[in-house]
Amino acid sequence: MLQIYNSLTGAKEEFKPLIEGKVGMYVCGMTVYDYCHIGHARVMVAFDVITRYLRQQGYDVNYIRNITDVDDKIFNRANENGEPYTELTDRFINAMHEDERALSVLPPNSEPRATEHIDNILNMVQTLIDKGFAYPASNGDVYYRIDKFEGYGKLSNRNIEEMRAGARVEVDENKENPMDFVLWKGAKTGEAAWDSPWGPGRPGWHIECSAMSTCCLGNTFDIHGGGPDLKFPHHENEIAQSEAATGEKYVNTWMHAGAVRVDNEKMSKSLGNFFTIREVLEKYNPEVVRYFLISSHYRSAINYSEESLKQAQQALERFYNTLRNAQPSNESVPVVESNTEFRIRFETAMNDDFNTPEALAVLFDLAREINRGGTSTPAQVELLKELGETLGILQQEPEAFLQGGDTGEISAEQIEQLIIDRKNARSDKDWARADEIRDLLIEKGVVLDDGREGTTWRRQSS
RNA sequence: GGCGCGGUAGCAAAGUGGUUAUGCAGCUGACUGCAACUCAGUCUACGCCGGUUCGAUUCCGACCCGCGCCUCCA
């Protein structure tokens, strides 16, 4: 039985999709005005693992992740660069897709863009006005009337009175209530704008997600996810907009990933302490980054550090050593009883709110069984790769992983030649020469393993 | 101030009312010419103080510390 922690209720709940066997999931994606950072990577990878597991369990998952390509930050950045904003967004959308592919994040079923849904957005705003949940102001903006929506604050556990009391929101003459938020922004001069019944303008930040999600998945759908800082106000406002507009429950299960920290402080744009995915990938194998992200539970905060990445590297080395060393067997009679046990343990872990650290522990136990050697080894190797695939890891050739990361110190050809030299020295029992070669290679970051089948090598994490 | 989360062995990170988490690091053996890989064994824990209990790291209460959201941010 799959249990998922629901941010809305604050408890783990049995997951029951609206339509048996099908899952509709919407995740808030990027605002494309800069490169993705590790925080984005965490959300991407978390929901990628979730999608992979749900599919592996037989669900037909419709995974929608939007792209926000209209926003003040986008316009500002495009202005600074002196380029059309669409050029800027195209560039960063491409960069995002590159980053995702590197991290083995499977593409969502659909990636709707705000600019492609202006009509839906306008319709929803109009509906909200018609129902009395929104009002156009004289400045060309349209605001949401939060006092009118009874459940306002139910996701983030806050009430309007308290927020008003501690409000850090500027009083705006155009708003009935300082907490009211904008659905449609009247255009300033020179800005990209779309026509609307309230004058030229563009969507507010939250309305696009309400419009796109309900458009793609229906008025009510199964799972809505996103980063930790979207719970308020973004997701709270989405609920207010969608439920007021449709009169139906918006989302059954809300899922929020944990924060990525640096030096125990949240990694964020505003603090400027963020690492982009591509920066990190210059130093680490993408799979190492992915492993780092799934080595903690998706809801807990993780701390980004060189040490964390190094540990992830070492953990993967263990798996790939296992895969490399596993002797292919001629006996094609896999013993499957032990596989069933590992599979059950893996699924039990994943069924408990996608507990990837526990699932990885199962894989390590499985790896030990393989390393021990036995008649069921071939089947166990297959299982290790199969379960790894559900987590999006262990799909490389072991040699590709272990021998990758060429820093330009020494080429594979040079290494191979030195291994031959050393082999000759060893057959002459010239241990001094053999050790000299090995020490030389260690200096270059290359470790030799003398196995039964001969000597293999791997590049060591620095 | 409001709401919420967390403090587990050297590091990272799960979990449980009583029995080995797991990975890396350490130690001891095996394997090896020596190593590495690997295997076997092993040492380091559950912030502090009370309470409930036959028994609590796990439940309850207080306290200390750290963090997040409340403002654009994944």
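Residue numbers start from 1 in every chain, and the chains themselves are labelled A, B, ... in the order their sequence lines are given, proteins ahead of strands. The structure presented is a predicted model; accordingly, all values stated were derived computationally and were not measured.
Between A:Asn264 and B:G66, a side-chain N or O to OP1/OP2 separation shorter than 4.0 Å is absent. Contact annotation: A:Arg422 side-chain N/O to B:A36 OP1/OP2 distance is not under 4.0 Å. Contact check, A:Trp205 against B:C73: a side-chain N or O comes under 4.0 Å of OP1 or OP2. For the OP1/OP2 pair of B:C37 and a distance below 4.0 Å, the side-chain nitrogens and oxygens of A:Arg452 include no atom meeting the criterion. For the pair A:Lys266 and B:C73, the criterion of a side-chain N or O lying under 4.0 Å from OP1 or OP2 is not met.
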Practice item. Evaluate the criterion ring-ring contact (aromatic ring centres under 6.0 Å, His included) for residue pair A:Tyr85 and A:Tyr33; output intermediate values, then yes/no. Key: CA-CA 9 Å; A:Tyr85 83 98; A:Tyr33 69 101; over 10 Å; no
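Rounded to a whole angstrom, the distance from the C1' atom of B:C59 to that of B:G18 is 15 Å. Here, B:C63 and B:G50 have their C1' atoms 10 Å apart, quoted to the whole Å. The P atoms of B:A74 and B:A12 are separated by 27 Å, rounded to the nearest whole Å. Comparing B:C5 with B:G47, their C1' atoms sit 16 Å apart, to the nearest whole Å. One P atom belongs to B:U22, the other to B:G6, and the distance between them is 24 Å to the nearest Å. Look at the P atom in both B:C11 and B:C69: the space between them is 26 Å, to the nearest Å. Rounded to whole Å, the C1' atom of B:A9 lies 27 Å from the corresponding atom of B:A62. Taking the P atom of each, B:G10 and B:C43 are spaced 14 Å apart, rounded to whole Å.
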Between protein and nucleic acid, restricted to nucleotides 42-47 of chain B and to nitrogen or oxygen atoms under 3.5 Å apart, what atom pairs and distances do you find?
none

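In the set B:A74, B:U22, B:U38, the nucleotide with an atom closest to the side chain of A:His40 is B:A74. When distances run from any side-chain atom of A:Gln314 to the nucleotides B:C70, B:G68, B:A25, the shortest one goes to B:A25.
Note on A:Arg368: only backbone sugar-phosphate atoms sit closer than 4.0 angstrom, heavy atoms only; bases stay farther off. Among the atoms of the strands shown, only primed sugar atoms or phosphate atoms (P, OP1, OP2) are found under 4.0 Å from some heavy atom of A:Asn321. A:Ala259 comes within contact range of at least one nucleobase, with a heavy-atom separation under 4.0 Å. Among the protein residues, A:Asp435 comes within range of the nucleic acid bases, having at least one heavy atom under 4.0 Å from a base atom. Looking at heavy-atom distances under 4.0 Å, A:Leu360 makes no contact with the nucleic acid at all. Note on A:Gly258: a base of the nucleic acid sits closer than 4.0 angstrom, heavy atoms only. A:Met267 comes within contact range of at least one nucleobase, with a heavy-atom separation under 4.0 Å. When heavy atoms are screened at a 4.0 angstrom cut-off, A:Asp71 is found touching no nucleic acid atom at all.
The residue from A:His235, A:Arg299, A:Lys231 that alone fulfils the side chain to side chain donor-acceptor pair (under 3.5 Å) condition with A:His256 is A:His235. Of the candidates A:Arg290, A:Arg101, A:Arg65, A:Arg290 is the only one forming a salt bridge (charged side-chain N to carboxylate O under 4.0 Å, His left out) with A:Asp48.
Aromatic rings from A:Phe47 and A:Tyr63 are positioned such that their centres are separated by 6.0 Å or more. The six-membered or imidazole ring of A:His206 lies near that of A:Phe181, with a centre-to-centre distance under 6.0 Å.
A salt bridge does not link A:Arg324 to A:Glu317: none of the charged nitrogens lies less than 4.0 Å from a carboxylate oxygen.
Residue A:Asp263 places its CG atom among 12 or fewer non-hydrogen atoms of other residues, nucleotides or ligands, all under 6.0 Å distant. Atom CD of A:Glu279 sits in a crowded spot, with more than 12 heavy atoms from other residues, nucleotides or ligands closer than 6.0 Å. The neighbour count for A:Lys423 NZ, taken as heavy atoms of other residues, nucleotides or ligands under 6.0 Å away, does not exceed 12.
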Review point. Tell me, for nucleotides 4-16 of chain B in 5' to 3' order, what letter each nucleotide earns: B for a base near a protein heavy atom under 4.0 Å, S for only sugar-phosphate near one, - for neither?
Key: -------BSSSS-
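Between A:Phe319 and A:Phe364 there is a side-chain heavy-atom pair separated by less than 4.5 Å. Using a 4.5 Å cut-off on side-chain heavy atoms (C-beta onward), A:Val381 and A:Thr322 make no contact.
Looking at RNA chain B, the stems built from 3 or more consecutive Watson-Crick or G-U wobble pairs, each pair with its key distances under 3.5 Å, are B:1-7 with B:64-70, B:10-12 with B:22-24, B:26-30 with B:38-42, B:49-51 with B:59-61.
Along RNA chain B, the nucleotide nearest to A:Asp450 and the one nearest to A:Arg42 differ in position, and the one closer to the 5' end is contacted by A:Asp450.
For the pair A:His235 NE2 and B:A74 P, the computed distance is 11 Å after rounding to whole Å.
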